[in-house]
Engineer: 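Submitted below is the structure of interest, expressed as C-alpha cells.
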Amino acid sequence: MPKVLFSKMRFYDMKDLMKRTRRIDNVLIQNRRKNEVHSLKANKNEDTCLSKFSWNGDHKRHWSLEKVLKNKKYLEAFCAFLKSEFSDENIEFWLACEDFKTTTSPDDLHRKAKEIYETFIQPTASREINVDHHVKEKIKMSLEKPSRSCFDEAQKHVYLLMQSDSCPRFLSSDAFLRLNLKSRTLWYI
C-alpha cells in the first residue's frame with residue numbers, strides 16, 4: 001500500500017481494502033481445503049490408522065446434510081443458522097414435504113398440498129423457494145389429485161441446494177462447532 005496519510009484515505013477505500021483481504025483469505029482457505037481433500041484421496045488406498053492424524057483439525061467427524069437432518073439437536077441448530085441468514089424457507093419446505101409424505105387421509109393430503117403450494121411454490125408465495133418453472137407447473141397440475149410424491153422433484157432440488165450451499169456454511173459456522181464440541185465433551189463425562 002502506498003504511503004498515504006490515514007486521514008486522507010476515504011472510508012470506502014478502507015472498506016474496499018478490507019473486502020479484498022477477506023476475499024483473499026476465503027480463497028486461501030478454500031485452496032487449503034481442496035489440498036486436504038486431495039491428500040486424503042491420495043492416502044485412501046493406504047492403510048491409515050487414527051494415530052497418523054493429529055487432533056488439531058485433521059481428525060474431524062464427517063458430517064453431511066443427511067446426518068444433520070436426522071439428528072434433532074443439529075437440525076434445530078441448522079434451522080436457527082438458516083434463520084440468521086434469512087434463508088430458512090428451504091429447510092421449512094423440506095420439513096413440510098417430509099410431514100406431507102406421512103399424511104394418510106386424502107382430505108388432509110389435499111389440504112396440506114394446497115398449503116405447501118400457497119406457502120412455498122406459488123409465484124406470489126410468502127416463502128417462495130427457488131425451483132424451476134417446469135417443476136412448479138407439474139406441481140400445480142398435480143394439486144387437483146395430490147399424491148404423496150407430488151413434491152418429490154422440488155424437494156430433491158431444495159435438498160441438493162442445501163447440500164451444496166447452506167450445509168457447508170453451517171458446518172464451518174461457530175454454532176455448529178460449539179454444538180459439536182459440547183456433544184464431544186458430554187461424551188467424556
Side-chain angles (χ1 to χ4, degrees), residues 22-23 25-41 43-44 48-104 108-109 112-113 115-117 119-121 125-132 135 139 148-189:
R22 284 187 198 138
R23 285 186 206 135
D25 289 343
N26 289 339
V27 169
L28 292 174
I29 289 169
Q30 288 174 353
N31 286 340
R32 191 175 331 125
R33 287 181 185 161
K34 286 179 185 176
N35 290 338
E36 289 173 359
V37 168
H38 289 301
S39 66
L40 286 175
K41 285 181 181 178
N43 293 336
K44 188 176 183 180
T48 56
C49 63
L50 290 178
S51 62
K52 290 184 180 179
F53 293 107
S54 66
W55 283 99
N56 23 333
D58 293 339
H59 181 68
K60 292 181 182 176
R61 186 174 177 184
H62 295 286
W63 282 88
S64 65
L65 180 59
E66 185 178 349
K67 286 182 181 179
V68 170
L69 295 174
K70 285 182 181 179
N71 189 316
K72 189 176 180 180
K73 289 180 186 178
Y74 288 97
L75 177 61
E76 289 174 5
F78 186 52
C79 290
F81 173 76
L82 291 176
K83 282 180 185 176
S84 73
E85 291 198 338
F86 305 104
S87 61
D88 57 331
E89 64 276 353
N90 288 335
I91 189 70
E92 287 179 7
F93 172 73
W94 190 86
L95 292 171
C97 288
E98 288 297 304
D99 179 50
F100 178 76
K101 288 178 182 178
T102 61
T103 306
T104 55
D108 286 343
L109 203 65
K112 285 184 178 183
E115 284 178 12
I116 291 173
Y117 179 78
T119 307
F120 299 105
I121 308 292
S126 60
R127 316 272 306 146
E128 186 178 2
I129 57 170
N130 185 14
V131 290
D132 200 6
V135 175
I139 293 171
R148 288 191 187 129
S149 62
C150 66
F151 294 108
D152 282 354
E153 193 173 349
Q155 187 181 15
K156 182 180 179 182
H157 178 77
V158 166
Y159 182 88
L160 292 173
L161 186 67
M162 288 191 300
Q163 186 178 26
S164 65
D165 182 43
S166 305
C167 190
R169 284 186 284 125
F170 170 67
L171 294 177
S172 62
S173 71
D174 290 337
F176 173 77
L177 296 175
R178 271 189 259 119
L179 185 61
N180 204 15
L181 182 63
K182 186 186 282 187
S183 66
R184 278 195 215 157
T185 55
L186 289 176
W187 182 77
Y188 291 114
I189 293 177

Engineer: Take Q155 and E98 through the side-chain hydrogen bond (donor to acceptor under 3.5 Å, both in side chains) test and state the conclusion after the steps.
Structural biologist: CA-CA 9 Å; Q155 187 181 15; E98 288 297 304; 2.7 Å; yes

Engineer: When you look at L161 and I129, which way does the side-chain contact (heavy atoms from CB on, under 4.5 Å) test go after all the steps?
Structural biologist: CA-CA 11 Å; L161 186 67; I129 57 170; over 6 Å; no

Engineer: Which atom pairs, one a donor and one an acceptor, fall under 3.5 Å between side chains of residues 76-84 and the rest of the protein, sequence neighbours left out?
Structural biologist:
residue	atom	partner	partner atom	Å
S84	OG	F81	O	2.6

Engineer: Going by heavy atoms in the side chains, are L69 and L95 under 4.5 Å from each other?
Structural biologist: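 The answer is no; the side chains never approach within 4.5 Å.
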
Engineer: Identify the heavy atoms of P168 and D165 that sit nearest to each other, and give their distance.
Structural biologist: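 For P168 versus D165, the nearest heavy atoms are CD-O, 3.4 Å.
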
Engineer: Under the side-chain contact (heavy atoms from CB on, under 4.5 Å) criterion, do I121 and F151 qualify, and how do the steps go?
Structural biologist: CA-CA 10 Å; I121 308 292; F151 294 108; 4.3 Å; yes

Engineer: Looking at N90, T119, D88, which hits side chain to side chain donor-acceptor pair (under 3.5 Å) with R127?
Structural biologist: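 By the side chain to side chain donor-acceptor pair (under 3.5 Å) criterion, R127 pairs with just one of N90, T119, D88: D88.
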
Engineer: Is there a side-chain contact between N130 and E89, using heavy atoms and a 4.5 Å cut-off?
Structural biologist: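 The answer is no, as the side chains (C-beta and beyond) never meet within the 4.5 Å cut-off.
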
Engineer: Check the orientation of F176 and Y74. Use parallel for under 30°, tilted for 30 to 60°, and perpendicular for over 60°.
Structural biologist: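 Judged by the thresholds at 30° and 60°, the geometry between F176 and Y74 is tilted.
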
Engineer: If I compare all heavy atoms of T103 with all of R148, which pair ends up nearest, and what's the gap?
Structural biologist: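 In terms of heavy atoms, the two residues are closest at O-NE, 2.8 Å.
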
Engineer: When rounded to the nearest 0.5 angstrom, what distance separates SG in C97 from CD in E92?
Structural biologist: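 Answer for the SG-CD pair, C97 versus E92, is 12.0 Å.
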
Engineer: Where do H157 and D132 land on the side-chain contact (heavy atoms from CB on, under 4.5 Å) test, with the steps shown first?
Structural biologist: CA-CA 9 Å; H157 178 77; D132 200 6; over 6 Å; no

Engineer: For the CD atom on E115, are there more than 12 heavy atoms of other groups (residues, nucleotides or ligands in this structure) within a distance under 6.0 Å?
Structural biologist: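 Buried by this count: over 12 neighbours within 6.0 Å.
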
Engineer: Can you see which heavy atom on I139 is nearest to which on A154, and at what distance?
Structural biologist: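 So the minimum-distance heavy-atom pair works out to CD1-CB, 3.8 Å.
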
Engineer: Measure up the Y159 and W94 rings against each other and bin them: parallel (under 30°), tilted (30 to 60°), perpendicular (over 60°).
Structural biologist: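 Geometry flag for W94 against Y159: tilted rings.
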
Engineer: Among residues at least two apart in sequence or on other chains, which ones pass side-chain contact (heavy atoms from CB on, under 4.5 Å) with K156?
Structural biologist: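 Partners of K156 by the side-chain contact (heavy atoms from CB on, under 4.5 Å) criterion, ordered by chain and then number, come out as L160.
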
Engineer: How close do F100 and K112 get, heavy atom to heavy atom, and via which atoms?
Structural biologist: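 Scanning both residues, the minimum pair turns out to be CD1-CB, 3.7 Å.
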
Engineer: Starting from the C-alpha separation in whole Å, work towards a yes-or-no answer on side-chain contact (heavy atoms from CB on, under 4.5 Å) for W63 and C167.
Structural biologist: CA-CA 9 Å; W63 282 88; C167 190; over 6 Å; no

